[in-house]
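Step one of this worksheet: look at the structure below.
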Amino acid sequence: MRFTFNGGPKLTRADLDRVGARLGLGKGSLRAAPVRTARTGAAERPSATLRCDKNPSWSNANGTLAARFNCHHSTIDWGFKISARVQSVITGNVHESGVSWWRNGRRMPKNAGHVVGRSYHFHGTLKPVRYADHVQFQDYMTFRVNIGGRPGTGSLTWAADVTAKK
């Protein structure tokens, strides 16, 4: 997650810790970044397994992602909910780009984006997906924020790497 504030003095370590506490993060969790930063990939980890009609979910301070392999319809159904703590600093609508996804390394058609309220349960379907397919999908959201009286822009990216199995 990234926040960009509109002007004002540079955030101190105490400011960063206060923002982190508001978002439910431990002391020292947030860091100030230069205006221009390089995007980095996620740490290498094995693909999660989505079994037919099971409904796993994964949560962190940003929100909760749920996904299931609906083998009867050859789809992966997904949902994402922004955490209550992140919602508490969002001051307007969330602009969701629409899920981008890849099946077995091949880019597939992007899901439709939305401009909706912060409490919306984002959801969609990836199809077709068959047994043993390796699927990667991700979304990007932007929104206005106000943290401690400082307005700015927030962004949130989430991603998943799964393999469909019986």
Nearest heavy-atom approach of G63 to F80 is CA-CZ, 3.9 Å
Minimal non-hydrogen separation, R68 against D53, with atom names: NH1-OD1, 3.5 Å
Is NZ or CZ of K165 both nearer than 6.0 Å to the six-membered ring centre of F69 and within 45° of the ring axis? no
Once you round to the nearest 0.5 Å, how far does CZ of R51 lie from SG of C71? 11.5 Å
NZ/K127 to CZ/R103 distance, rounded to the nearest 0.5 angstrom? 12.5 Å
Rounded to the nearest 0.5 Å, how far does CG of N104 lie from CD of Q136? 9.5 Å
Any heavy-atom pair between the side chains of V162 and F137 that's under 4.5 Å? yes
Look up atom CG in D161 and atom CD in Q138, then write down how far apart they are to the nearest 0.5 Å. 11.0 Å
Could you report the tightest heavy-atom contact between A164 and V129, atom names first, then the distance? CB-CG1, 3.9 Å
Are W78 and N111 close enough that a side-chain donor and a side-chain acceptor fall under 3.5 Å? yes
Of all heavy-atom pairs between S57 and T64, which one has the smallest distance, and what is that distance? CB-CG2, 4.1 Å
Once side-chain hydrogen bond (donor to acceptor under 3.5 Å, both in side chains) is applied, do any residues pair with N70, and if so which ones, sequence neighbours excluded? none
Is a donor from one side chain sitting under 3.5 angstrom from an acceptor on the other, for S47 and T163? yes
Worked verdict on M108 versus V135 for side-chain contact (heavy atoms from CB on, under 4.5 Å): CA-CA 10 Å; M108 302 302 290; V135 177; over 6 Å; no
For the residue pair H114 and Y120, does the interplanar ring angle fall in the parallel (under 30°), tilted (30 to 60°) or perpendicular (over 60°) class? tilted
Can you name the nearest heavy-atom pair linking V94 to I82, along with the distance? CG2-CD1, 4.0 Å
CG (L50) and CG (D77) are apart, to the nearest 0.5 Å, by 10.0 Å
Value for CG (L156) from CD1 (I90), rounded to nearest 0.5 Å, stands at 8.0 Å
Quick check: is L65 connected to V116 through a chain of hydrophobic side chains (ILVMFWY, heavy atoms under 4.5 Å apart)? yes
P109 to W101 - nearest heavy-atom pair and separation: O-NE1, 2.9 Å
